Amino acid sequence: MKIRAMAVVLAALTLGTAPTLWAAPADGSGSVTVTVKDNYGVLPGTVVRLVGKDGQAAGRANADASGTAKFTSLAAGEYTVKASLSGFADAEKAGITVGSSDVAVELVMSLTRFSTNITVTTANRREELLMNTAEPTTVIDQVQILDTGARNAKDLLSEQQGSGVQVNVGGGQGYVSLNGVSNKGVLVMIDGRRYLGRDANGNFNLEDLPITGVERVEVVKGAGSAIYGSDAMGGVINFITAKGKNNGFKNTLNVSGGTYKDYRGDDSLTYRAEKGGFALNGGYRTYDGFDLEPVVCTLSTGDPATCPRRPPNPQTIGQPESQWQTFGGNADYRLSDKLTFNFVGDYSNRDMDKYFFSGATQLSTTVYNSQRKLQRYNLTPELNFTPGKNTTVNLSYLYGRYNRDETQLYTNRPSNPKVVVPRWTESNDEVKARLLQVWRMAGRENPFQVGFEHRKEQLSRSGLKGCVTGQACLKDRDLNVVWAQQEVAVTKDLKVTAGFRYDDSSDYGTQTSPKLAGVYSLPKNNRLRVSYGKGFRAPYFGELLLVSPGFEGNPDLKPEKSETITGGWAYTGPKFEASVDVYKAKIENGVNFGSLPNGNFTYVNVTKFDSKGTNAAFAVNLPYGFSPSVSYTYTKRVDPNGVDIGGFARHAAFVKLLWANQRYGLRANIRGNLSGKVPQTVGATSYTPAYNLWSAQASKKVTSKGKYAFTIYAQVNNMFDVKDIYNVNAQGQPVTTDVLPIWTAPRTYLAGITIDMDWTR
């Protein structure tokens, strides 16, 4: 109901300009014939638009089987031709002069990853060409997301481990790491806003983040604290939602179902008019989850259908039963030629059941079912003021909340079997101001940015030092931030960026994070890039103040610090894309477990190590629709004595073979996730073995007529049914008592349909 009401309000704001949007083109005698191709042939089904010099739509058509779209009865004048097709970067050609005869235009489109026109916004908090970004940045576009069939952020990023991204999965969790820097040091955002909801240890679970409405993901590797502050030691992952690009309405509905009663429905609606537009999205998913040991009889001869069962084993819960609901939207409205109002909001809810634990430290014999209700919502109003073409001022406010309600049901405790845990609430209120000023030197643009931020973080939960037993109490911190960044085009081929950030926190003092980066353009779209930066991570409230059986937080913890340097080469061309980057991150004051004189565990600043390695990737655009790609990561983590501290696979790779035929609307891929063994951590007696996971998907556009398109798809995940990936001992035998095996679902199947409705001009 709230989403429907929002749609009515936003449409009322923008529909006032709709009459000019739907105006028929002026009668004339001119015509334009557009042929759309890629490197190897024509592209049927491409949406081609003709736009007048005044910016008004003059026509829209779909390319026919020969890749041709024709516009007739055009008035004399100057036009721009624009083309868009899923999986390809948008293409356009301006300055098309129409008179009384037919004008032939040819557009050549590139697959998205082979395009030199792709832009990103995360690395430097402004739009820039991906190929000119000094920080190694991976872009996962909408078609790549669809190719995976991912249901949430964990599913999606698990297939990026050859790009310096590693996701530790298990028990309904998904912890992402970048270049050997653990989850706590990776900042996860949606549309540039911090996503709330870390656990007691400061880890963020990607399983909680649905990707409904997400258009692309930008992964920036390297210390990002200079412009993003705490938690960005290892980098930033930004999930960017779709926005209306062309005048008119567009709607996409996706419905699917699969193994373990995994049912999902998503809908995304966008609208754009002369003065503004909006995008709304909503989704629902229900999933029964899976247990690697679903039925265990107390008697070896028991019938699984009727036998007495022992309490569920917490170490084998691969995924708890869950339901997700998510709603979100963004809108923009041009109040004047210089002032624009933007608004972004989202809400998500996850209900969990049959999520078993065995005591606070998972060491006792008491098993309980942790039923949880997780709610997140963010609201962000924003003003953009542009007094001149080279000056932009941005003011925004973020209101973010995360609520966790938990009921513990003890399966083998007849007395007091139900415990209601006081609500856990995390709050984040941010006020931000930013100035972007572009100044020119020798005819080249040099963007300068300066910003101020005030953030108030709060956590209300039970079990913190100073709380009354069984009751929640409030802990908070205030942060004031000043940051600045200057980019200088030293020559036409060399761009240098320098910046810093100063953080002043009410509980951990001040931190300064500098940054220096450069990118050098070589001939034929080759780039050399290098970046250096310092980062930090403020200890989370739980690490500082949590008290639970056998554990005490440490209020004297210092912030973790990092110093990272990366350097490499990248090339982007119409038929080939490749990059190689080497990195080294020095981590100090790393937070790890320690022991107290009373025998309890706590957190201490003890870890000091280097994480170093190499990320390499390449992709080829071959004839007949084939596009193979490979990405590889080498990671080594050692202490000051050169001893391997383990924790991450030394070798990891992701391979994909894509085949697409636009004429017949066919698309298929085979994907492989290859993980080498994980060196055992210091003092450990077991390690995670190497394993490979393979998946495949095929889709068919069954009809595409006018403004409607129907696509069916099917996929199989974990094709070879790899499961029970437990740690192994020195003799190679599985150690099933280890707390964190790799939980991966057995072979699963999924099928669905996507309905695209495009009424844009």
Side-chain angles (χ1 to χ4, degrees), residues 168 171 173 175 181-187 194 196-205 229-231 233 357-364 368 370 372 374 402-406 408 419 421-428 455-479 503 505-511 536-562 587-608 647 681 683 739-740:
N168 296 327
Q173 307 293 326
Y175 298 147
V181 177
S182 64
N183 176 268
K184 299 177 185 180
V186 177
L187 178 60
R194 290 170 178 265
L196 300 182
R198 293 180 179 268
D199 64 16
N201 301 313
N203 291 306
F204 176 72
N205 182 11
S230 180
D231 306 330
M233 282 199 319
F357 286 85
S358 56
T361 59
Q362 297 198 24
L363 298 177
S364 72
Y368 66 89
S370 175
R372 301 182 184 180
L374 312 178
Y402 165 72
N403 295 323
R404 168 175 150 172
D405 295 307
E406 180 185 12
Q408 298 175 355
V419 175
V421 179
R423 168 172 280 193
W424 173 337
T425 297
E426 183 179 347
S427 305
N428 184 38
R455 185 163 82 248
K456 188 175 188 66
E457 296 179 346
Q458 294 182 321
L459 176 67
S460 172
R461 62 160 295 178
S462 60
L464 299 178
K465 289 185 178 182
C467 293
V468 176
T469 302
Q471 297 182 19
C473 63
L474 181 68
K475 304 296 180 180
D476 60 18
R477 63 165 59 126
D478 289 288
L479 301 96
D503 287 72
S505 171
S506 60
D507 64 349
Y508 60 82
T510 61
Q511 301 291 327
F536 73 98
R537 183 188 75 86
Y540 189 63
F541 290 111
E543 296 171 294
L544 296 167
L545 303 169
L546 181 63
V547 178
S548 62
F551 176 83
E552 296 179 32
N554 181 0
D556 297 323
L557 283 177
K558 301 176 182 178
E560 292 182 314
K561 296 182 179 181
S562 70
I587 310 297
E588 295 184 9
N589 295 333
V591 176
N592 209 336
F593 279 114
S595 58
L596 294 170
N598 60 8
N600 286 347
F601 287 102
T602 187
Y603 279 115
V604 292
N605 292 110
V606 295
T607 306
K608 184 176 182 180
T681 56
V739 174
L740 291 176

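This chain uses plain numbering: 1 for the first residue, then up along the sequence. These numbers come from a predicted model, not from an experiment. Heavy atoms only: backbone and side chains are in, while hydrogens, waters and symmetry mates are out.
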Spacing of [X] atom [atom1] and [Y] atom [atom2] [to the nearest 0.5 Å]:
X      : Y      : atom1 : atom2 : value
Leu545 : Leu557 : CG    : CG    : 9.5 Å
Asp199 : Tyr175 : CG    : OH    : 4.0 Å
Asp405 : Asn403 : CG    : CG    : 6.5 Å
Leu187 : Met233 : CG    : CE    : 12.0 Å

Please confirm whether Arg194 makes a cation-pi placement over Phe204, using NZ or CZ under 6.0 Å from the six-membered ring centre and within 45° of the ring normal.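 Cation-pi check for Arg194 and Phe204: fails.
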Can you establish whether the number of heavy atoms outside Lys475 located under 6.0 Å from its atom NZ is more than 12?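 Buried by this count: over 12 neighbours within 6.0 Å.
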Heavy-atom count check: over 12 atoms from other residues, nucleotides or ligands less than 6.0 Å from Lys608 NZ?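 12 or below, so no.
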Side chains of [X] and [Y]: closer than 4.5 Å at any heavy-atom pair?
X      : Y      : value
Phe536 : Asp503 : yes
Glu426 : Phe541 : no
Val591 : Arg537 : yes
Ile587 : Thr607 : no
Lys561 : Gln511 : yes
Arg404 : Val421 : no

Pair Leu544, Tyr603 - check side chain to side chain contact (heavy atoms under 4.5 Å, CB included), show working. CA-CA 8 Å; Leu544 296 167; Tyr603 279 115; over 6 Å; no
Is Lys184 salt-bridged to Glu560, going by a charged N under 4.0 Å from an acidic O?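 Looking at Glu560 together with Lys184, the answer is no, because their closest N to O distance does not fall below 4.0 Å.
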Pick from Asp507, Leu479, Asp478: which one makes a side-chain contact (heavy atoms from CB on, under 4.5 Å) with Glu457? Leu479
Does Lys465 use its side chain to pair, donor to acceptor, with the backbone of Gly553 at less than 3.5 Å?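 Looks like yes, one N/O pair under 3.5 Å.
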In terms of side-chain heavy atoms, does Ser370 have a donor or acceptor partner in Glu406 at a distance below 3.5 Å?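 Looking only at side-chain atoms, Glu406 and Ser370 do form a donor-acceptor pair, the distance falling under 3.5 Å.
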Candidate pair Leu459 and Tyr540, rule side chain to side chain contact (heavy atoms under 4.5 Å, CB included), full reasoning: CA-CA 10 Å; Leu459 176 67; Tyr540 189 63; 4.0 Å; yes
